[in-house]
Amino acid sequence: MLTALRTEAAERLAELESVIADINERLRLAADRFTLPVIKVPGPEIDEDAPRQALVSFDDNWMAATRALIARKQYGNGGAA
């Protein structure tokens with residue numbers, strides 16, 4: 001019984017491989033008939049002269065900046081002064 005199931009599975013697999021090969025060939029032939037347009041990726045839009053600047057920049061020491069933010073917002077003691 002197990003051998004019969006394996007034989008049937010192998011036959012179906014061979015059929016599927018044939019169908020997949022046919023589909024791939026059709027796609028390859030169809031792809032030869034057209035070209036895709038060039039994709040243009042826009043650059044970032046950054047306003048370096050913005051009136052409002054970030055509190056923390058990438059050049060800052062993150063540990064010192066985090067401590068400064070915590071002290072400024074007083075997160076460490078529940079907001080009490």
Side-chain angles (χ1 to χ4, degrees):
M1 178 76 177
L2 189 58
T3 305
L5 287 175
R6 286 185 178 171
T7 303
E8 183 180 348
E11 289 171 358
R12 288 187 180 182
L13 181 60
E15 289 174 25
L16 289 174
E17 287 174 340
S18 175
V19 170
I20 290 170
D22 183 52
I23 291 170
N24 283 334
E25 180 63 21
R26 289 180 186 196
L27 288 172
R28 187 187 64 76
L29 292 173
D32 291 342
R33 288 185 248 153
F34 64 90
T35 56
L36 295 174
V38 176
I39 297 174
K40 295 179 183 177
V41 178
E45 296 179 14
I46 299 174
D47 184 8
E48 293 182 8
D49 295 327
R52 183 173 173 177
Q53 298 296 321
L55 294 175
V56 179
S57 80
F58 288 109
D59 297 328
D60 287 342
N61 175 327
W62 285 98
M63 292 297 291
T66 301
R67 287 186 186 114
L69 286 171
I70 290 171
R72 181 169 184 238
K73 296 292 184 177
Q74 298 179 348
Y75 293 125
N77 59 7

(request) Return the set of residues passing salt bridge (charged side-chain N to carboxylate O under 4.0 Å, His left out) with E25 (not counting sequence neighbours), or none when no residue passes. (result) R28
(request) Quick one: list whatever passes side chain to side chain contact (heavy atoms under 4.5 Å, CB included) with I23, sequence neighbours left out. (result) V19, L27
(request) Using salt bridge (charged side-chain N to carboxylate O under 4.0 Å, His left out) as the criterion, list what pairs up with E8, not counting sequence neighbours. (result) R12
(message) Just to verify, what does R6 make a side-chain hydrogen bond (donor to acceptor under 3.5 Å, both in side chains) with, not counting sequence neighbours?
(response) none
(message) If the condition is side-chain hydrogen bond (donor to acceptor under 3.5 Å, both in side chains), which residues does N24 pass it with, not counting sequence neighbours?
(response) none
(request) Each residue besides L16 in its hydrophobic cluster should be listed here, by chain and number; the cluster joins Ile, Leu, Val, Met, Phe, Trp and Tyr at side-chain heavy-atom distances under 4.5 Å. (result) none
